[in-house]
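Here is the structure we will look at.
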Amino acid sequence: DPELGYVGQIEQVDGDMLRRLLDEGYLPVVAPLGLLWDEGPRDQIMNINADTVAGEVALALGARWLVFLTDVPGIAGRDGRSLARLSARDAAALVEEGIVSGGMIPKVEACLRAATGGTRTAIIDGRQPHALLAALERGELVGTIIGPEQEAP
């Protein structure tokens with residue numbers, strides 16, 4: 001879309017390369033950038049939505065969990081209340097109905113994409129003190145888990 005500028009779509013993620021780096025003890029930092037590809041690489045960097053990249057990286061690595069720390073209490077349902085758990089089907093329906101909107105759409109879509117490979121996903125309210133630690137240590141999730149799993153990350 002020319003109005004958006006140089007915004008790209010993901011064609012593939014090299015999970016093997018990332019896995020080799022992790023196996024060697026490195027912590028890769030993945031910038032959500034790509035190259036314009038037109039019958040080969042061109043000299044144009046493309047911006048890619050970071051949420052979309054996270055979902056594709058999780059899928060490529062076969063990650064156990066994909067967790068988004070965000071500034072909302074989770075995914076809101078039809079009544080506007082935050083939902084603790086959603087099936088993938090119900091999450092997709094909320095997007096399709098327009099209940100999930102704005103910046104939450106790419107997060108939910110990334111969760112759904114990662115879930116196709118067995119990754120469990122969560123959207124956690126990062127404004128809450130120690131939200132990730134509480135989820136990891138005590139199973140006290142402040143946010144939404146997408147998928148059939150019932151345990152917190």
Side-chain angles (χ1 to χ4, degrees), residues 1-15 18-19 21-22 27-37 44-153:
D1 184 348
E3 290 183 25
L4 296 176
Y6 294 104
V7 176
Q9 300 284 332
I10 297 173
E11 291 292 323
Q12 70 179 29
V13 172
D14 187 348
L18 290 171
R19 195 170 290 104
L21 289 170
L22 290 165
L27 179 60
V29 175
V30 179
L33 302 173
L35 288 176
L36 182 61
W37 199 274
Q44 178 60 56
I45 295 175
M46 305 293 281
N47 182 41
I48 302 172
N49 182 288
D51 296 330
T52 304
V53 171
E56 293 296 326
V57 167
L59 179 63
L61 290 175
R64 288 190 344 204
W65 279 97
L66 170 62
V67 177
F68 287 103
L69 286 175
T70 189
D71 62 351
V72 296
I75 297 172
R78 291 173 185 85
D79 63 0
R81 291 185 183 176
S82 182
L83 302 166
R85 289 176 171 68
L86 275 172
S87 70
R89 181 181 307 157
D90 289 341
L94 290 175
V95 171
E96 189 172 313
E97 293 170 25
I99 305 296
V100 170
S101 61
M104 191 60 75
I105 293 172
K107 287 173 182 52
V108 172
E109 289 177 344
C111 288
L112 296 174
R113 178 78 174 127
T116 65
T119 299
R120 294 177 282 180
T121 65
I123 297 175
I124 296 177
D125 187 350
R127 300 170 302 173
Q128 300 298 317
H130 313 291
L132 187 55
L133 286 175
L136 290 171
E137 292 177 354
R138 298 186 298 276
E140 298 171 3
L141 179 71
V142 180
T144 305
I145 292 178
I146 299 176
E149 291 77 18
Q150 296 302 307
E151 69 272 12

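Please read these numbers as outputs of a predicted model, since none were measured by experiment.
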Considering only heavy atoms from C-beta outward, does the side chain of [X] approach that of [Y] to under 4.5 Å?
| X | Y | value |
| --- | --- | --- |
| N49 | P32 | no |
| L61 | R19 | yes |
| D125 | V72 | no |

Specify the closest pair of heavy atoms between [X] and [Y], including all atoms of both residues, with the distance to one decimal.
| X | Y | result |
| --- | --- | --- |
| G77 | L83 | CA-CD1, 3.6 Å |
| P28 | L21 | CG-CB, 4.0 Å |
| A76 | G80 | CB-O, 3.7 Å |

Evaluate whether atom CG of L35 has more than 12 neighbouring non-hydrogen atoms of other residues, nucleotides or ligands under 6.0 angstrom away.
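Enclosed.
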
Could you measure the distance from the OH atom of Y6 to the CG atom of L33? Nearest 0.5 Å is fine.
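Y6 atom OH to L33 atom CG measures 14.5 Å (nearest 0.5 Å).
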
Would you be so kind as to tabulate the donor-acceptor pairs closer than 3.5 Å made by side chains of residues 88-96, with sequence neighbours excluded?
| residue | atom | partner | partner atom | Å |
| --- | --- | --- | --- | --- |
| D90 | OD2 | S87 | OG | 3.3 |

Listed by chain and number, what are the side chain to side chain contact (heavy atoms under 4.5 Å, CB included) partners of A58, not counting sequence neighbours?
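Counting only residues at least two positions away or on another chain, A58 forms a side chain to side chain contact (heavy atoms under 4.5 Å, CB included) with A63, L66, A114, T119.
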
Mind jotting down which residue pairs meet the side-chain hydrogen bond (donor to acceptor under 3.5 Å, both in side chains) criterion with at least one end in residues 98-110? Sequence neighbours excluded, please.
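For residues 98-110: D51-K107.
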
Under 3.5 Å donor-acceptor pairs involving side-chain atoms of residues 7-15, not counting sequence neighbours:
| residue | atom | partner | partner atom | Å |
| --- | --- | --- | --- | --- |
| D14 | OD1 | D16 | N | 3.2 |
| D14 | OD1 | M17 | N | 3.0 |

Residue pairs, two or more places apart or on separate chains, that pass salt bridge (Lys or Arg N to Asp or Glu O under 4.0 Å) and touch residues 58-83
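Checked against salt bridge (Lys or Arg N to Asp or Glu O under 4.0 Å) - neighbours excluded - the pairs reaching residues 58-83 are R78-E97.
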
